[in-house]
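Just below is one structure, and these are the notes that go with it.
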Amino acid sequence: MSGNQPHRQTRRTVSDGHPELGLDIERVLDLSTRQAVRATFRFDPDAPWVVPVELAIEDGPRVLWRIGRDVLQQGLHSVSGLGDVQIWPSSFGDRATALLRLTSRDTAALFELPIPPLAQWLADTCELVPGGAELSEIDWDAATANLLQEPQTHCD
């Protein structure tokens with residue numbers, strides 16, 4: 001992030017008990033130009049494999065991306081993701097940061113994120129739903145039966 005300003009963060013749990021992390025991050029426009037962005041990471045234990053991330057520019061648009069929790073976790077330590085979402089660690093001076101690239105059609109955006117608060121928040125989500133256990137609550141017999149049922153039509 002620019003200068004030696006600390007990353008402002010807010011960690012809170014929303015009323016439904018789902019962890020949420022708000023971070024002030026920066027969009028990297030070029031080597032010397034940055035744009036302030038507020039990123040809000042949310043976690044729902046009922047859909048633990050994906051992290052909805054809302055990116056908002058002050059007095060500007062909001063965009064929602066859904067990023068795999070495992071992609072975020074791996075990206076704090078090594079290159080992760082393919083296609084539209086890629087994240088990798090980057091050190092700038094004494095700060096541990098990660099670069100997140102989001103691509104949509106012919107447009108790409110690069111963001112710099114602080115690793116420590118994001119890593120701690122991801123660890124907190126793993127206390128709720130451990131990595132590898134994301135699909136353990138699914139009743140596979142019922143899900144398969146629902147897929148094999150013929151659709152019913154209703155006439156009014």
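Positions are given from 1, in the same order as the sequence printed here. This structure is a prediction, so every number in the text was calculated from the model and none was measured. The analysis underlying the following values was restricted to heavy atoms, covering all of them including side chains, and did not include hydrogens, waters or symmetry mates.
- To the nearest 0.5 angstrom, L100 atom CG is 11.5 Å from R27 atom CZ.
- Screening residues 49-58 for salt bridge (Lys or Arg N to Asp or Glu O under 4.0 Å), with sequence neighbours left out, gives E54-R62.
- R34 places no side-chain N or O within 3.5 Å of a backbone atom of E112 that could act as its donor or acceptor partner.
- Annotation for V79: hydrophobic cluster partners, listed by chain and number, are V28, W88, L99, L110 (ILVMFWY side-chain heavy atoms under 4.5 Å, direct or chained).
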Dump the intermediate steps for side-chain contact (heavy atoms from CB on, under 4.5 Å) on L122 and L76, then the final yes or no.
CA-CA 10 Å; L122 287 166; L76 301 181; 3.8 Å; yes

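- The line from CG of L72 to OG1 of T125 is 9.0 Å long, rounded to the nearest 0.5 Å.
- Summarising the geometry, atom NE2 belonging to H18 is positioned 8.5 Å from atom CG belonging to L128; distances are rounded to the nearest 0.5 Å.
- Interatomic distance, CZ of R38 versus CD1 of I57, reported as 14.0 Å (0.5 Å rounding).
- With contacts defined as side-chain heavy-atom distances shorter than 4.5 Å, the pair P52/T40 does not qualify.
- Considering every non-hydrogen atom in both L21 and P117, the closest pair reads CD2-O, 3.8 Å.
- Residues passing the salt bridge (charged side-chain N to carboxylate O under 4.0 Å, His left out) test with R105: none are found, sequence neighbours excluded.
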Let me see the working for V51 and W121 under side-chain contact (heavy atoms from CB on, under 4.5 Å), right down to the final yes or no.
CA-CA 11 Å; V51 173; W121 182 80; 3.8 Å; yes

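- Applying the side chain to side chain donor-acceptor pair (under 3.5 Å) test to R66 and every residue at least two apart in sequence or in another chain returns nothing.
- The two residues I115 and P89 make their nearest non-hydrogen contact at CD1-CB, 4.3 Å.
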Please evaluate residues L102 and L55 with respect to the criterion side-chain contact (heavy atoms from CB on, under 4.5 Å), reporting the C-alpha separation (whole Å), side-chain torsions for both, the decisive distance (0.1 Å), and the verdict.
CA-CA 11 Å; L102 303 174; L55 302 168; 3.6 Å; yes

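- Within the model, atoms CZ of F41 and CG of L118 stand 5.0 Å from one another, a figure rounded to the nearest 0.5 Å.
- Hydrophobic clustering (side-chain heavy atoms under 4.5 Å, transitive across Ile, Leu, Val, Met, Phe, Trp, Tyr) keeps L64 apart from I67.
- A pairwise comparison of heavy atoms in A98 and G75 identifies CB-O, 4.4 Å as the closest pair.
- From E20, atom CD reaches atom CG of D124 across 13.5 Å, with rounding to the nearest 0.5 Å.
- Contact check for W65 versus D84: side-chain heavy atoms found under the 4.5 Å cut-off.
- Formation of a donor-acceptor pair under 3.5 Å by the T97 side chain with backbone atoms of S90 is found in this model.
- With sequence neighbours left out, the side chain to side chain donor-acceptor pair (under 3.5 Å) criterion links Q35 to no other residue.
- Of all non-hydrogen atoms in Q74 and S80, the two that sit nearest each other are CB-OG, 3.7 Å.
- S104 pairs by the side chain to side chain donor-acceptor pair (under 3.5 Å) definition with nothing, not counting sequence neighbours.
- Nearest approach of T33 to D30, heavy atoms of both residues: N-OD1, 2.8 Å.
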